[in-house]
Amino acid sequence: NPDDPASLANLHDPLVFFALIPPINTSVPVQHLSGFIQDDWKLRDNLTVNLGLRYDVQFGSFNEDLDLNMFPVPIPYIDPSSRGDRNNFGPRLGLTWDIHKNGESVFRAGYGVYYDNIRTLNNIFGSEWRILSQYNITILNPSYPDPYQGRDPLDFAAAGPFNIQILDNNFVNPYSQQYNLGFSQQIATDLAIHLDGVYVYTLRDRNLVNINEADPVTGQRPLPEWGRIDQDQSILKAKYGAFFARLDKRFSHRWQFLLSYTLAKSVDNQPGQGGQRGFGRVTDQANYALDYGPADTDRRHTVVASGAYLLPYDITLGAVWTYRTTQPFSAIAGQDLNNDGFVTDFVPGTTRNQGNRDLDLNTVNAWRARNGLGPISESQIESTKFNALDVRVSKAFPVGGARKLELMFQVFNILGIDNLNQPFTSGQVTNALSDSFGRVLTTRPRQQAELAVRFVW
């Protein structure tokens, strides 16, 4: 509490302090141009085909107008004139077949190529414009609240070769190939079932690679006058496949419901910090395959059931039940095994996100034994499954014409089930040398209630 001196006085023993000085605001204006053509052909009374083609191009998003003369020394590996991505053509094909020409049995299929725009995040694009214009300050075990102890901040600036972050000259827009196949069948006048299959293959998304990594034997960097040269490369790929089943009853006889089930599998090579989302650095450049595994958000099974009933006096009672199986996590060694300066290496013998999937706990315990620690039991590995029932009651009051006032009261997770936080939000302990390995130390809110008023006109 910054307003409570006693609260501030209780803060002590900080671990690390980071700063970049001086502060700099970087303007990176970009333009995004898109064009598309699409048409529908009714080949038969019950057969429709959709064909389309889209083109996307961005200008400025690749720092192609970066002026190298602005730097006091030549910057390696940067060639703005060779940058850009101009061949982003995305064809699309769709098909709808009304089998019996009565709308009761419908078959659907589709394919398309979709390009993502490059978002000019400061840490990706602005970093090139700020090379050699800021000092990086890192103070271990600093004093508090003044880490500089009254001294000039530049006294603490990192010495030695500069670390820089640059963009690969071959950096391009990521894209995905998307396939879907579906079938809908009307069972009754107000009831239908839908079955769908989806496959998405994503390519050329970004990962961070140190292209000036020191030789593990000699300790020498290819360019010794520089420190770490982190390069954003278009090397990330992902695969997502899912089967969806949905039973849908539209509103009639005062009630409606929807029941859906998803069976999904998602894999990619986005490592993340500690094997989790948000960092995007290749874990071990000597073995890129270690990063390929279940995606951080991979959940194999999801069930969602919802419904609403119109009670007397036009009071609506609704509920949504959601169940999702656990997500994976990585077993992190807790040591910098490859001497790249990051403690993100996996336990020897494991790969990314095997936890809650196919992690051999004997491998983890063997690593702990090598470091003088006791074993972890299987029962300690906690699940991040999600199970919650939300309930809502609402009533609308007419206030003249088409206007109405709606009162709503809803309770989330009304059964009070403990749902532990996801691994990639620092919920799960991934350090294999911790006695809490596999445990989830934070949880979502148990129950929440909300009262709302809505005016509709």
Side-chain angles (χ1 to χ4, degrees), residues 31-59 85-118 172-205 237-266 301-308 310 318 320 402 456:
Q31 295 82 38
H32 188 174
L33 175 66
S34 298
F36 68 91
I37 182 171
Q38 183 170 318
D39 205 354
D40 301 337
W41 283 272
K42 201 157 188 175
L43 301 182
R44 295 182 179 179
D45 291 342
N46 61 338
L47 181 62
T48 301
V49 174
N50 323 103
L51 291 174
L53 179 66
R54 181 184 174 99
Y55 177 72
D56 292 275
V57 64
Q58 286 183 261
F59 304 98
D85 189 10
R86 303 288 188 267
N87 61 346
N88 299 331
F89 292 93
R92 289 95 193 272
L93 170 66
L95 180 147
T96 304
W97 178 29
D98 181 2
I99 299 176
H100 302 297
K101 300 184 180 182
N102 58 7
E104 294 183 356
S105 304
V106 179
F107 173 83
R108 304 174 302 277
Y111 167 79
V113 176
Y114 301 87
Y115 287 86
D116 192 11
N117 67 303
I118 296 175
V172 292
N173 292 87
Y175 74 95
S176 64
Q177 299 183 54
Q178 303 187 19
Y179 307 79
N180 67 77
L181 195 65
F183 176 73
S184 295
Q185 176 63 53
Q186 180 178 322
I187 301 174
T189 55
D190 58 356
L191 186 66
I193 187 171
H194 311 272
L195 304 175
D196 290 274
V198 172
Y199 177 73
V200 180
Y201 185 30
T202 301
L203 292 165
R204 307 196 312 192
D205 212 340
K237 62 180 180 179
K239 296 179 181 180
Y240 173 80
F243 166 74
F244 304 97
R246 186 172 87 250
L247 185 63
D248 186 7
K249 180 191 178 301
R250 66 175 179 82
F251 184 78
S252 64
H253 308 293
R254 305 179 71 89
W255 67 290
Q256 66 182 36
F257 78 84
L258 176 68
L259 176 63
S260 63
Y261 167 72
T262 303
L263 171 65
K265 182 178 180 180
S266 182
H301 305 280
T302 299
V303 179
V304 179
S306 64
L310 185 61
V320 178
V456 182

* Can you establish whether the number of heavy atoms outside Arg44 located under 6.0 Å from its atom CZ is more than 12? => no

* Taking everything shown except Ile37 itself, do over 12 heavy atoms lie less than 6.0 Å from its CD1? -> no

* **Heavy-atom side-chain contact between Leu258 and Leu247 under 4.5 Å** => no

* Would you indicate whether the side-chain heavy atoms of Val198 and Gln178 approach each other to under 4.5 Å? => no

Please check: side-chain N/O of [X] versus main-chain N/O of [Y], any donor-acceptor pairing under 3.5 Å?
X     : Y      : value
Asp98 : Asn46  : no
Asp85 : Asn173 : yes
Gln58 : Ile118 : yes
Arg92 : Gly90  : yes

Could you grab the distance from atom [atom1] of [X] to atom [atom2] of [Y], nearest 0.5 Å is fine?
X      : Y      : atom1 : atom2 : result
Leu181 : Phe107 : CG    : CZ    : 4.0 Å
Tyr115 : Ser176 : OH    : OG    : 10.0 Å
Ile187 : Leu191 : CD1   : CG    : 4.5 Å
Tyr201 : Tyr175 : OH    : OH    : 7.5 Å
Thr96  : Asp40  : OG1   : CG    : 8.5 Å
Phe59  : Arg86  : CZ    : CZ    : 5.0 Å

* Asked: Who are the side-chain contact (heavy atoms from CB on, under 4.5 Å) partners of His301, not counting sequence neighbours?
  ->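 His301 satisfies side-chain contact (heavy atoms from CB on, under 4.5 Å) with Tyr261, Leu263, Thr325 once adjacent residues are dropped.
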
* To do: In sequence, state the C-alpha distance, the side-chain angles, and the governing distance for Asn50 and Leu95, and then conclude on side chain to side chain contact (heavy atoms under 4.5 Å, CB included).
  => CA-CA 6 Å; Asn50 323 103; Leu95 180 147; over 6 Å; no

Ignoring hydrogens, what is the shortest heavy-atom contact between [X] and [Y]? Give both atom names and the distance.
X      : Y      : result
Thr189 : Arg250 : O-NE, 3.4 Å
Ser184 : His194 : OG-ND1, 2.6 Å
Leu259 : Phe257 : N-CD1, 4.2 Å

* Tyr55 and Phe89: aromatic ring centres closer than 6.0 Å? ->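 Yes, ring centres under 6.0 Å apart.
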
* To do: Test Lys249 against Asp190 for salt bridge (charged side-chain N to carboxylate O under 4.0 Å, His left out), laying out the working first.
  => CA-CA 5 Å; Lys249 180 191 178 301; Asp190 58 356; 3.4 Å; yes

* **Verdict with reasoning, Ser105 to Phe183, per side chain to side chain contact (heavy atoms under 4.5 Å, CB included)** => CA-CA 7 Å; Ser105 304; Phe183 176 73; 4.2 Å; yes

* To do: Please test Leu310 against Phe251 for side chain to side chain contact (heavy atoms under 4.5 Å, CB included), starting from the C-alpha separation and ending with a verdict.
  => CA-CA 10 Å; Leu310 185 61; Phe251 184 78; 4.3 Å; yes

* May I have all residue pairs that pass salt bridge (charged side-chain N to carboxylate O under 4.0 Å, His left out) and include part of residues 104-113, sequence neighbours excluded? => Arg108-Asp196

* **Verdict with supporting geometry, Phe244 and Asn180, side chain to side chain contact (heavy atoms under 4.5 Å, CB included)** => CA-CA 11 Å; Phe244 304 97; Asn180 67 77; over 6 Å; no

